[in-house]
Amino acid sequence: FIFKRGTAAKSDTEISVITVKGDTATVEVRKTIILRGRSDAGQDLLIEAKVLDRDFWMKRKGVWQMKQSRAYDYSM
């Protein structure tokens with residue numbers, strides 16, 4: 001395990017683009033995740049991940065449902 005004990009977690013999400021065509025939609029989402037913890041050796045650790053997702057939605061019977069989510073760019 002990377003962390004012996006997690007001490008904090010924070011996540012931010014930003015919708016950057018929404019494209020709607022009829023009953024389908026594509027949504028681009030930027031996520032930043034920050035994790036703080038302690039290693040088995042007692043060192044404080046900070047991990048920051050940035051992810052760019054593309055989510056695919058379909059409208060059925062008047063309800064939007066997410067069908068698939070793909071991460072297509074990420075960094076740590």
Side-chain angles (χ1 to χ4, degrees):
F1 295 112
I2 294 174
F3 291 129
K4 181 176 184 177
R5 180 173 59 97
T7 59
K10 180 181 176 188
S11 176
D12 290 317
T13 301
E14 173 189 328
I15 296 173
S16 55
V17 177
I18 299 174
T19 305
V20 179
K21 292 182 181 178
D23 289 342
T24 63
T26 303
V27 181
E28 291 191 10
V29 181
R30 295 182 186 277
K31 297 177 187 173
T32 302
I33 303 149
I34 299 172
L35 302 171
R36 294 182 188 272
R38 194 164 304 249
S39 73
D40 290 337
Q43 294 176 311
D44 288 330
L45 299 173
L46 174 68
I47 296 176
E48 182 175 347
K50 294 185 179 193
V51 181
L52 188 55
D53 289 339
R54 186 171 288 139
D55 300 338
F56 301 94
W57 293 75
M58 293 184 70
K59 188 175 183 181
R60 291 199 178 152
K61 297 181 182 178
V63 178
W64 285 99
Q65 299 174 350
M66 186 168 60
K67 292 299 177 185
Q68 187 177 52
S69 182
R70 292 184 193 165
Y72 65 94
D73 190 19
Y74 58 91
S75 63
M76 288 184 82

Could you check whether any side-chain heavy atom of Asp23 comes within less than 4.5 Å of a side-chain heavy atom of Arg60, counting everything from C-beta outward?
no

My understanding is that only one of Ile33, Leu35, Thr32 makes a side-chain contact (heavy atoms from CB on, under 4.5 Å) with Glu48; could you say which?
Thr32

Quick check on Tyr74: does its OH atom have over 12 non-hydrogen neighbours (other residues, nucleotides or ligands) under 6.0 Å away?
no

So, for Trp64 and Gly22, which heavy atoms are closest and what is the spacing to 0.1 Å?
CH2-O, 4.1 Å

So CZ of Arg30 and CG of Asp53: to nearest 0.5 Å the spacing works out to 11.0 Å

Under the side-chain contact (heavy atoms from CB on, under 4.5 Å) test against Asp55, which residue among Gln68, Lys67, Arg70, Met66 passes?
Met66

Are Val20 and Met58 connected into the same hydrophobic cluster when the rule is that any two of I, L, V, M, F, W, Y join if their side-chain heavy atoms are below 4.5 Å apart?
no

Correct closest heavy-atom pair for Val29 and Ser16 would be N-OG, 4.3 Å

Residues Asp44, Arg38: salt bridge by 4.0 Å N-O rule:
yes

